[in-house]
Amino acid sequence: MAETTLSGPTHQILENDYASEWMGIEVLAISDGHATIRMTLRQEMLNGFGMAHGGMIFAFGDTAFALACNPAVQAPGEENSITVASGVDINFLKPAFRGQVLTAVADRRSSAGRSGLYDIQIFATDAAPSPTGQPAQALPGPVQPNSVQPSSAQPGELIAEFRGRSRTIPKK
């Protein structure tokens with residue numbers, strides 16, 4: 001099992017989350033309806049093509065979603081409820097490779113009663129080996145139409161968009 005040290009904010013739902021611990025997820029920021037997390041892609045997270053397994057990207061986005069849905073400190077009267085996914089979908093935009101650092105940024109878009117809607121963007125940074133084993137490099141030339149370019153507000157290149165629908169239910 002990978003060793004994990006949480007150096008940033010913590011959240012009660014991570015105390016017994018062995019999947020997130022194995023993935024080496026680090027919490028960077030948590031606030032009401034928002035979470036930012038990070039992890040590094042390891043060899044055992046890759047598929048047969050040598051790129052990040054889609055299930056790993058999904059699980060990473062799902063952890064950011066869970067953190068954004070559930071307050072780090074519950075308000076009085078909320079301790080008997082939890083917020084879970086009622087449905088999700090993900091769009092994989094670009095591959096990620098071993099050694100790259102992934103960052104997921106989750107934000108609540110809407111909340112009504114016991115239901116919520118969240119968008120999670122997943123970014124990849126750092127040089128990673130290409131399929132040829134050489135470090136990946138940006139190609140010279142003009143920006144392609146409809147491409148998403150990193151900005152100072154984005155922690156790397158956008159590789160996936162995750163949308164989650166939540167529902168607050170009684171804790172059992």
Side-chain angles (χ1 to χ4, degrees), residues 1-42 45 52-94 96 99-126 148-172:
M1 177 183 277
E3 292 295 320
T4 303
T5 303
L6 292 176
S7 59
T10 59
H11 196 291
Q12 63 189 9
I13 65 173
L14 293 177
E15 289 175 11
N16 295 308
D17 185 342
Y18 302 110
S20 293
E21 180 181 348
W22 177 84
M23 291 170 56
I25 292 175
E26 177 186 7
V27 178
L28 301 178
I30 299 174
S31 60
D32 184 35
H34 171 84
T36 302
I37 61 174
R38 175 172 58 201
M39 78 173 188
T40 301
L41 283 172
R42 301 187 313 266
M45 298 174 165
H53 190 288
M56 291 292 139
I57 303 295
F58 184 92
F60 182 61
D62 190 50
T63 296
F65 176 37
L67 293 170
C69 288
N70 290 280
V73 178
Q74 291 184 315
E78 293 181 351
E79 47 288 309
N80 292 323
S81 64
I82 57 173
T83 302
V84 297
S86 64
V88 298
D89 60 89
I90 189 167
N91 293 296
F92 299 105
L93 306 173
K94 294 188 177 187
Q100 284 191 302
V101 176
L102 303 186
T103 302
V105 180
D107 287 299
R108 181 184 320 136
R109 296 293 178 224
S110 176
S111 180
R114 296 186 303 146
S115 299
L117 183 66
Y118 293 77
D119 284 333
I120 298 88
Q121 293 186 305
I122 301 170
F123 301 91
T125 60
D126 295 341
V148 178
Q149 298 298 313
S151 72
S152 60
Q154 292 179 330
E157 183 174 28
L158 184 64
I159 64 161
E161 294 257 357
F162 181 114
R163 173 156 275 193
R165 295 169 302 283
S166 69
R167 187 74 170 170
T168 300
I169 62 171
K171 186 187 291 185
K172 294 194 177 197

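We're numbering straight along the sequence, starting at 1.
Closest approach of Ala68 and Ala35 over heavy atoms only: N-CB, 3.8 Å. Here the closest heavy-atom approach between residue Asn70 and residue His11 is recorded as O-NE2, 2.6 Å. Here the closest non-hydrogen pair linking Gly61 and Ile122 is CA-CD1, 3.8 Å. When all heavy atoms of Gly99 and Thr40 are compared, the pair lying nearest together is O-CG2, 3.9 Å. When all heavy atoms are compared, the tightest approach of Arg167 to Ser86 is CB-CB, 4.2 Å.
Here CD1 of Ile25 is found 4.0 Å from OG of Ser20. Values are rounded to the nearest 0.5 Å. Atom CZ of Phe65 and atom CD1 of Ile37 lie 12.5 Å apart (nearest 0.5 Å). The CD1 atom of Ile120 sits 9.5 Å away from atom CZ of Phe58, with the distance rounded to the nearest 0.5 Å. The distance from atom CZ of Arg163 to atom CG of Asp119, rounded to the nearest 0.5 Å, is 4.0 Å. Note that OG1 of Thr36 and CD1 of Ile30 are 9.5 Å apart. Values are rounded to the nearest 0.5 Å. Note that the OG1 atom of Thr83 and the CG atom of Leu67 stand 12.0 Å from one another [nearest 0.5 Å].
Contact annotation: the side chain of Arg108 approaches that of Asp32 to within less than 4.5 Å [non-hydrogen atoms, C-beta and beyond]. Within the 4.5 Å cutoff, the side chain of Leu41 has heavy atoms near those of the Met39 side chain. For the pair Val105 and Thr103, the minimum side-chain heavy-atom distance is below 4.5 Å. The shortest distance between side-chain heavy atoms of Gln121 and Glu161 falls below 4.5 Å.
For the side-chain contact (heavy atoms from CB on, under 4.5 Å) with Arg38, the qualifying choice from Leu28, Leu102, Thr125 is Leu28, the only one to do so.
Crowding of His34 atom NE2: a count of heavy atoms from other residues, nucleotides or ligands under 6.0 Å exceeding 12.
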